[in-house]
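Worksheet for the structure shown next.
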Amino acid sequence: FFLFFDGSAGVLPSISSLCPQRGQHLSHLLPSSLLGVVKAQTTAVAAPGLSQSAVHGKKVLRKGVVVITGASSGLGLAAAKALAETEKWHVVMACRDFLKAEKAAQSAGMAKENYSIMHLDLASLDSVRQFVHGFRQSGRPLDVLVCNAAIYRPTARKPTYTADGSEMSVGVNHLGHFLLANMLLEDLKKSDYPSRRLIILGSITGNTNTLAGNVPPKAGLGDLRGLAGGLDGRNSSAMIDGGEFDGAKAYKDSKICNMLTMQELHRRFHEDTGITFTSLYPGCIATTGLFREHIPLFRLLFPPFQKFITKGFVSEDESGKRLAQVQIPKQRSINDTQTLTIVLRFLQVVADASLSKSGVYWSWNNNSASFENQLSEEASDAVKAQKLWEISEKLVGLA
Ligand code: NDP
């Protein structure tokens with residue numbers, strides 16, 4: 001089985017590199033009191049859509065407001081749904097396809113008052129700016145930002161480009177989020193919510209200190225010469241390290257950028273702002289759209305491979321069930337173990353007080369306990385993080 005698929009189609013390296021770990025299951029569950037903990041205020045909050053049981057002179061509790069990019073499918077949608085169902089969070093689903101997101105929210109049974117959808121195409125820096133403008137116009141505060149959206153193009157033979165001319169995987173996964181995070185930092189700073197967080201999804205595949213991270217093509221940013229050239233494929237390479245285009249590597253490189261950016265945000269802003277900056281590897285959901293561009297054989301075999309061989313499969317509904325049982329009594333409808341496990345991890349990072357430490361890349365062990373994972377040498381290289389920051393600032397027009 002392994003040799004066949006490894007040798008014939010490159011399926012095994014792809015599978016094992018993306019979701020390698022066995023039995024990483026959910027640990028302690030966050031106390032329900034911590035989800036959507038709200039700050040007591042003495043005045044009503046005027047933002048639309050907020051819960052306002054305002055009585056003059058009495059404490060007013062408001063919902064937390066969380067923006068999740070790429071909430072139209074997969075992990076982002078499952079987390080949006082789980083948070084919305086607590087009725088303690090208003091979820092802003094920041095999505096490139098408004099109609100798809102609306103349909104997804106409706107078929108997930110999300111109540112209208114618990115979410116809104118705003119257009120965001122991370123493949124266009126103008127769209128990112130417009131999103132931030134529109135969000136501010138909405139009058140909502142921002143308490144948590146989750147940079148979740150991503151594309152993965154492992155079979156692409158040629159690069160494609162964002163509206164601004166950068167290679168698509170790094171453009172969407174890193175540069176779009178880099179601009180968004182920098183702009184929305186101002187809004188997070190203004191929030192009066194007790195725990196403000198900026199979370200960027202990481203991945204084990206970008207970490208070469210793991211078995212999975214050593215499956216070719218390995219992530220590696222080199223001296224960032226391709227990025228410095230704009231990743232435009234003409235004057236510079238479309239790859240960050242200046243090498244030949246490789247779709248799988250571009251995704252892994254973008255994930256190193258995500259993890260370096262989180263640490264640089266922490267170094268630059270945590271002390272002054274108190275905002276928590278974190279990243280996480282939530283485990284593998286073999287059934288999400290992330291793998292939509294992989295070869296059909298991979299998509300066919302990946303979920304059963306995860307389920308029966310690595311036992312690392314975490315279904316969308318299972319993580320929801322655990323959530324429902326222990327953590328959120330009102331959680332109603334995630335029925336798949338794997339997804340529920342992962343969603344719960346996701347929610348811990350969003351709202352659990354025990355995961356409020358900044359600058360951490362969270363992972364979960366076989367006993368479902370969260371722990372501060374060690375990033376690879378490159379993914380924790382402070383000098384490279386600073387250089388990445390400075391180049392990215394120029395590319396997105398912040399410097
Ligand atoms: P999905 O493909 O299911 O979801 C990705 C989301 O990103 C979709 O909503 C998609 O929108 C959105 N997106 C893609 N391009 C853009 C864009 N240009 N602008 C705005 N949104 C965009 O993937 P997952 O849920 O699996 O992945 C979510 C995160 O988790 C990613 O960061 C991924 O790297 C990470 N992760 C996932 C793992 C897994 O096993 N699934 C493992 C480790 C990390 P649309 O619906 O319109 O396509």
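Numbering of ligands and ligand atoms starts at 1, following listing order. In this text the structure is predicted, and so the values were computed from the model without any measurement. Because only heavy atoms are used, hydrogens play no part in the values below, and waters and symmetry mates are left out as well, while side chains stay in.
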(request) Kindly confirm or rule out an N or O of Tyr251 lying under 3.5 angstrom from an N or O of ligand 1. (result) yes

(request) Using distance alone, determine whether Lys255 and ligand 1 share an N or O pair under 3.5 Å. (result) yes

(request) Report the distance from atom OG of Ser380 to atom CG of Asn209, rounding to the nearest 0.5 Å. (result) 8.0 Å

(request) Can you tell me which residue pairs pass the salt bridge (Lys or Arg N to Asp or Glu O under 4.0 Å) test with a partner in residues 267-277, sequence neighbours excluded? (result) Glu264-Arg267, Glu264-Arg268

(request) Pull out every atom of ligand 1 sitting under 4.0 Å from any heavy atom of Tyr281, numbered as shown with elements. (result) 42 (C), 43 (C)

(request) Give a yes or no on whether the backbone of Asn235 and the side-chain of Asp232 come within a donor-acceptor separation of less than 3.5 Å. (result) yes

(message) For a quick check under 3.5 Å, do Asp121 and Ser127 share a side-chain donor-acceptor pair by atom type?
(response) no

(message) Ignoring hydrogens, what is the shortest heavy-atom contact between Glu372 and Trp362? Give both atom names and the distance.
(response) CG-CZ3, 3.7 Å

(request) Can you sort out which atoms of ligand 1 are near Ile151, meaning under 4.0 Å from one of its heavy atoms? (result) 14 (C), 15 (N)

(request) Record the part of Thr205 in heavy-atom contact with ligand 1 below 4.0 Å; permitted values are side chain, backbone, both and neither. (result) neither

(message) Any donor-acceptor pair under 3.5 Å linking the side-chain atoms of Thr273 with those of Arg196?
(response) no

(message) I need the atoms of ligand 1 closer than 4.0 Å to a non-hydrogen atom of Asp121, numbered in the order shown.
(response) 17 (C), 18 (N), 19 (N)

(request) Look only at interatomic distance and state if Leu122 has a nitrogen or oxygen under 3.5 Å from any nitrogen or oxygen of ligand 1. (result) yes

(message) At less than 4.0 angstrom from any non-hydrogen atom of Ala123, what atoms of ligand 1 do you find?
(response) 18 (N)

(message) Given Thr162, Leu77, Asn148, Ile200, identify the one with the heavy atom nearest to atom 32 (O) of ligand 1.
(response) Asn148

(message) Quick check: Ser72 and ligand 1, any N/O pair under 3.5 Å apart?
(response) yes

(request) Identify, with sequence neighbours excluded, every residue that meets side chain to side chain donor-acceptor pair (under 3.5 Å) alongside Lys189. (result) Glu186

(message) Taking 4.0 angstrom as the limit and counting only heavy atoms of Gly74, give me the atoms of ligand 1 inside it, by number and element.
(response) 3 (O), 25 (O)

(request) Could you tell me whether some N/O pair between Leu75 and ligand 1 is separated by less than 3.5 angstrom? (result) yes

(request) Determine whether the side chains of Ser354 and Asp352 contain a donor N or O and an acceptor N or O closer than 3.5 Å. (result) yes

(message) I'd like to check whether Val172 has a polar contact with ligand 1, where a contact means an N/O of the residue lying under 3.5 Å from an N/O of the ligand.
(response) no

